[in-house]
Amino acid sequence: MPQLRLALAQVNPVVGDVDGNLELVLQQAREAHAAGAHVLVTPEMALTGYPIEDLAYRRSFIERSQAAVASLSEQLAQEGLQDLVVIVGHLDRARDIPDRLGVPKNAPVNAASIIHDGAVVARYDKHHLPNYGVFDEFRHFVPGERLQIVQVHGVDIAVAICEDIWQEGPSKAAKAAEAGLLVVLNGSPYEAAKDDERLELCARRAIDGECALAYANLVGGQDELVFDGDSLVVDPQGQLVARAAQFQTELLVVDLDLPGATAPMPAPGTRFEGLLVERTIISSEPLPAYEPVEPSVAERWDDLGERWQAIVLGLRDYVEKNGFRSVLFGMSGGIDSTLVAAIACDALGPDRVFGVSNPSKWSTDHSRSDAADQAERTGLDLRTIPIAPIFDAYQEALHLEGIAEENLQARIRAVIWMGLSNAENHLVLACGNKSELATGYSTIYGDAVGGYAPIKDVPKTIVWELAKWRNAWAESQGQTPPIPPNTISKEPSAELRPGQRDSDSLPPYPVLDGILDAYVERDLSSAEVVAEGFDAEIVEKVVTLVDRAEYKRRQYPPGPKISKRNFGRDRRVPITSRWREQL
């Protein structure tokens, strides 16, 4: 028979909106209480949003977060929810640490408070502060050094935060303390092709700790990051018990059969695995028998479906959380802008999506017809503004040739998009993909203009795969495929001069993306890339293009990170550098 009903609040907070996030947590508490839960766990930093970056240093923000914790405690009691144990993530301040060199200003901590009966009964501070990839937590927080055990209805519950369980200490400490459950508050962003790494980790840590493990994760977009939810619970043998949906808010409720607490109270100064141990008894009496709820295990998307949902969620939240009404972008009839159009319609609905076709004298008939076809398929708003007269007026004054002439067309289009953006309050989307961004195959202040770039972390080969996946998914649902088949099958071209093809300037995309995966994603040297079987001359050309395009990437709009190493938070190289890879 179960001993505890647990609720995991998979929520989508907004960074800095402490009042809104507080109400979000309160609503989850109301729903958890109505569902008969005894313990509610939120994700990491739920009251402040995550990541907060240098907002962590602001005393006013720390104090507002502390006040929100106090207010949460009071409101839970006022609403008759005081019996519910709430473990909530938030920003706080380290105890008894003065400001000094080497300590982040105002000594902020990434904390979890345990609330019961109108008061905070214990607080846990995150121990392991990641300082790799997209994370800069060693810059922003002071590490904690205490293991918190709270006893609820006679069951000992240990607490950890995100990166802590990627290390062995907390689960081993939970085992040493004889905890029956380890709850983990998480802000773990999505990455493509990670298989089921989280489930494997949670299963391993549950086995290490000889206890059940509950993993509550954020969901939603925050600038370049996308949090995919996928909260889960495993038993002490590492077997999956319950799992929340990906890319959706959800309250996951599960009944757990947990052993009663047997460990004595630790003496002051007791350490397990190097951590000071504190145990707080909230209630020692076991619950009477009750009827358990059936645990739910949500189906997961396949690899391409995950990527699609991540990009859609990232765009939707960027638009909604930053107060934009709609989006606008250039629709050339090419695969990139066509994919962005389908993503935008899924994210916002076609009534908030505005495409602009800007044909020049070199635009092909099928490019115009493909854009019109997609507008008919999706219901988005498409207008046509030819640029030939504007281009001719510029040329009469400038007489440009070659690349300068080609780029002039792209920049005229950008002026039109930004003008419409200012006049009609649209967010302009840049439609470039990761392969183009890597090699600088875009016009700065031209097609690179915009406020957000939905597919900037999607290689060109995956662009086609996503387009095929979205059409196939639509057909499986009995819907009209949003992407014209001709857009998928035709050869890509910027159409800035007669007969132009991408292959005139770049290697075939499968070759290019293979080289970029090795050089950008895996940081191999050019010699190591050649050793993987790529042509040396092509490798040298691609590596040179990548190195020279850093200044362009720094000026490119933000977009959702879905790969292991994106351009932005992940990969940081100097613009001014004379280092060049040599074969």
Side-chain angles (χ1 to χ4, degrees), residues 11-14 17 20 24 190 219-223 226-229 245-250 301 304-357 370-384 417 420-431 450-456 458 463 466-484 487 557-560 562:
V11 292
N12 185 355
V14 179
D17 184 11
L24 199 65
Y190 170 74
V219 67
Q222 170 58 31
D223 293 344
V226 179
F227 300 94
D228 56 323
Q246 296 173 287
F247 307 105
Q248 297 177 28
T249 57
E250 182 177 344
W301 291 93
L304 290 171
E306 283 186 348
R307 297 183 201 219
W308 185 273
Q309 297 301 324
I311 297 167
V312 166
L313 179 57
L315 173 58
R316 180 187 301 127
D317 273 4
Y318 192 85
V319 170
E320 299 286 357
K321 292 180 179 181
N322 286 292
F324 291 100
R325 182 181 64 85
S326 52
V327 296
L328 177 146
F329 50 92
M331 286 185 68
S332 66
I335 187 65
D336 295 326
S337 63
T338 302
L339 188 72
V340 167
I343 290 166
C345 287
D346 280 4
L348 305 171
D351 58 317
R352 300 172 67 187
V353 179
F354 294 80
V356 183
S357 173
D370 287 343
D373 184 8
Q374 186 176 31
E376 185 174 345
R377 288 168 177 267
T378 60
L380 65 81
D381 183 285
L382 175 66
R383 74 188 88 178
T384 300
W417 305 336
L420 293 172
S421 168
N422 294 154
E424 301 172 7
N425 195 30
H426 306 294
L427 171 68
V428 174
L429 302 180
C431 298
Y452 193 74
I455 62 171
K456 72 175 287 188
V458 182
V463 166
L466 284 172
K468 294 173 187 175
W469 179 90
R470 182 61 181 86
N471 276 3
W473 189 84
E475 290 173 348
S476 73
Q477 304 299 306
Q479 302 171 0
T480 301
I483 298 171
T487 305
I562 63 169

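Every value quoted in this text rests on a predicted model; they were computed, and no experiment measured them. Along the sequence shown, the residues carry numbers beginning at 1. Values reported hereafter were calculated over all heavy atoms of this structure, with side chains retained and with hydrogens, waters and symmetry mates removed.
Once rounded to the nearest 0.5 Å, the distance linking CG of L466 with CD1 of I311 reads 5.5 Å. To the nearest 0.5 Å, atoms CE (M331) and CG (D336) are separated by 12.5 Å. With values rounded to the nearest 0.5 angstrom, L313 atom CG is found 10.0 Å from Q248 atom CD. How far CD1 of I343 is from CG of L429: 9.5 Å, rounded to the nearest 0.5 Å. L328 CG to L380 CG: the interatomic distance, rounded to the nearest 0.5 Å, is 10.5 Å. Expressed to the nearest 0.5 Å, how far CG of L339 lies from NZ of K468 amounts to 12.5 Å.
Proximity of V226 to I562: side-chain heavy atoms (C-beta onward) are nowhere separated by under 4.5 Å. Using a 4.5 Å cut-off on side-chain heavy atoms (C-beta onward), T338 and D370 make no contact. Using a 4.5 Å heavy-atom threshold, the side chains of F247 and W301 count as touching. Between Y190 and R307 there is a side-chain heavy-atom pair separated by less than 4.5 Å. Under the 4.5 Å side-chain criterion, counting only non-hydrogen atoms from C-beta, L315 is not in contact with V340.
With 3.5 Å as the limit, one finds no donor-acceptor pair spanning the side chains of S421 and H426.
Between P13 and K321, the shortest heavy-atom contact is O-NZ, 3.0 Å. What you find for P558 and G451 is that their closest heavy atoms are CD-O, 3.6 Å. Of all the heavy atoms in A453 and P560, the pair that sits closest is O-CD, 3.5 Å. Between E306 and Q246, the shortest heavy-atom contact is OE2-NE2, 2.9 Å. Across all non-hydrogen atoms, the minimal contact from C345 to T378 is SG-CB, 3.8 Å. Annotation for N471 and P482: closest pair OD1-CD, 3.2 Å, computed over non-hydrogen atoms.
In this structure, Q479 places its CD atom where more than 12 heavy-atom neighbours from other residues, nucleotides or ligands lie under 6.0 Å away.
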Do L427 and Y318 pass the side chain to side chain contact (heavy atoms under 4.5 Å, CB included) test, and can you show the C-alpha distance, the side-chain angles, and the key distance before you say yes or no?
-> CA-CA 10 Å; L427 171 68; Y318 192 85; 4.0 Å; yes
I would like to know whether V353 and F329 meet side chain to side chain contact (heavy atoms under 4.5 Å, CB included); could you show each step before the answer?
-> CA-CA 9 Å; V353 179; F329 50 92; 3.6 Å; yes
Mind running side chain to side chain contact (heavy atoms under 4.5 Å, CB included) on W308 and W473 for me, showing each step along the way?
-> CA-CA 11 Å; W308 185 273; W473 189 84; over 6 Å; no
Intermediate values then yes/no, side chain to side chain contact (heavy atoms under 4.5 Å, CB included), Q374 and I483 = CA-CA 6 Å; Q374 186 176 31; I483 298 171; 4.3 Å; yes
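When atom types are taken as modelled, the side chain of T480 and the backbone of R377 share no donor-acceptor pair closer than 3.5 angstrom. Distance alone, capped at 3.5 Å, is enough to place a donor-acceptor pair between the E250 side chain and the A245 backbone. A donor-acceptor pair under 3.5 Å links the side-chain atoms of R352 to the main chain of R325, judged by distance alone. A donor-acceptor pair under 3.5 Å links the side-chain atoms of K456 to the main chain of P557, judged by distance alone.
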